Amino acid sequence: MIRHIFMATFKAGLADEIKADALATFKALYREITQAVNPEIGLSTGWVGGKNQLVLTADFQNKADFDIYMNHPRHLELIDKAQNIYFDPKSFIVVQFEF
């Protein structure tokens, strides 16, 4: 299994409605891309570490499924929207590990 983790900080001054739209958009992506297993998406509580962030984890059975996800047209569209509307691209943290 491969675990994919994505974290990003929302742009300063972004309205709560736009943050809610980002959350809904990310959740919708995982309803469409079925290679992702047990995706979890939420807003950071800010209890420890960063706040004003979206946090995402998703598991994949193998590298081939992960590659399908990474190159899926809807995922690529969301990356563009995320960089231009929702988040500061410099804040992106993207990692994967096998378990």
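Throughout, residue positions are numbered sequentially from 1 according to the sequence presented. Please read all numbers here as calculations on a predicted model, not as lab measurements.
Residues forming a salt bridge (Lys or Arg N to Asp or Glu O under 4.0 Å) with Glu77 (at least two apart in sequence, or on another chain): Arg74. Residues satisfying the ring-ring contact (aromatic ring centres under 6.0 Å, His included) criterion with Phe87, sequence neighbours excluded, are Phe10.
Note on Phe97 and Val94: separate hydrophobic clusters, where clusters join Ile, Leu, Val, Met, Phe, Trp and Tyr whose side-chain heavy atoms are under 4.5 Å apart, directly or indirectly. Under the 4.5 Å side-chain heavy-atom criterion for ILVMFWY residues, a single connected hydrophobic cluster contains both Phe6 and Phe60. Note on Val55: it does not cluster hydrophobically with Leu14, by side-chain heavy-atom contacts below 4.5 Å among ILVMFWY residues. Residues Ile85 and Leu43 fall within the same hydrophobic cluster, defined by Ile, Leu, Val, Met, Phe, Trp and Tyr side chains chained together at heavy-atom separations under 4.5 Å.
With Ser44 contributing its side chain and Gly50 its backbone, the two residues share a donor-acceptor pair below 3.5 Å. Formation of a donor-acceptor pair under 3.5 Å by the Asp21 side chain with backbone atoms of Glu17 is not found in this model.
Judged as a side chain to side chain donor-acceptor pair (under 3.5 Å), the pairs with a partner in residues 90-99 (not counting sequence neighbours) are, in order, His4-Gln96.
Rounding to the nearest 0.5 angstrom, the gap separating the CD1 atom in Ile79 from the CG atom in Leu29 is 9.0 Å. The CD atom of Glu32 sits 12.0 Å away from atom NE2 of His75, with the distance rounded to the nearest 0.5 Å. Tyr30 OH to Thr25 OG1: the interatomic distance, rounded to the nearest 0.5 Å, is 12.5 Å. In this structure, CG on Asp59 lies 13.5 Å from CD on Gln35, to the nearest 0.5 angstrom.
In this model, a donor atom of one side chain and an acceptor atom of the other lie less than 3.5 Å apart for Asp80 and Asn84. Between the side chains of Thr57 and Glu40, no donor-acceptor pair of N or O atoms lies under 3.5 Å.
Between Met70 and Leu76 the shortest heavy-atom distance is O-CD2, 3.5 Å. For the residue pair Pro89 and Gln83, the shortest heavy atom distance occurs at CG-O, 3.7 Å. Pairing each heavy atom of Ile2 with each of Lys63, the nearest pair is CD1-N, 3.4 Å. In this structure, Ala36 and Ala58 approach most closely via the heavy-atom pair CB-CB, 4.2 Å.
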Given the rule in the side chain to side chain contact (heavy atoms under 4.5 Å, CB included) test, do Asp65 and Met1 qualify, once you have shown the distances and angles that lead to the verdict?
CA-CA 10 Å; Asp65 283 352; Met1 294 287 285; over 6 Å; no
So Thr9 and Phe92, side chain to side chain contact (heavy atoms under 4.5 Å, CB included) or not? Walk me through it.
CA-CA 7 Å; Thr9 302; Phe92 287 9; over 6 Å; no
List the steps, then state whether side chain to side chain contact (heavy atoms under 4.5 Å, CB included) holds for Phe66 with Gln61.
CA-CA 8 Å; Phe66 178 72; Gln61 293 289 334; over 6 Å; no
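Under a 4.0 Å N-O distance rule, the pair Asp88/Lys11 does not qualify as a salt bridge.
In this structure the side chain of Leu54 reaches within 4.5 angstrom of the side chain of Phe26, judged on heavy atoms. Using a 4.5 Å cut-off on side-chain heavy atoms (C-beta onward), Leu23 and Ile41 make contact. Within the 4.5 Å cutoff, the side chain of Thr45 has no heavy atoms near those of the Lys51 side chain.
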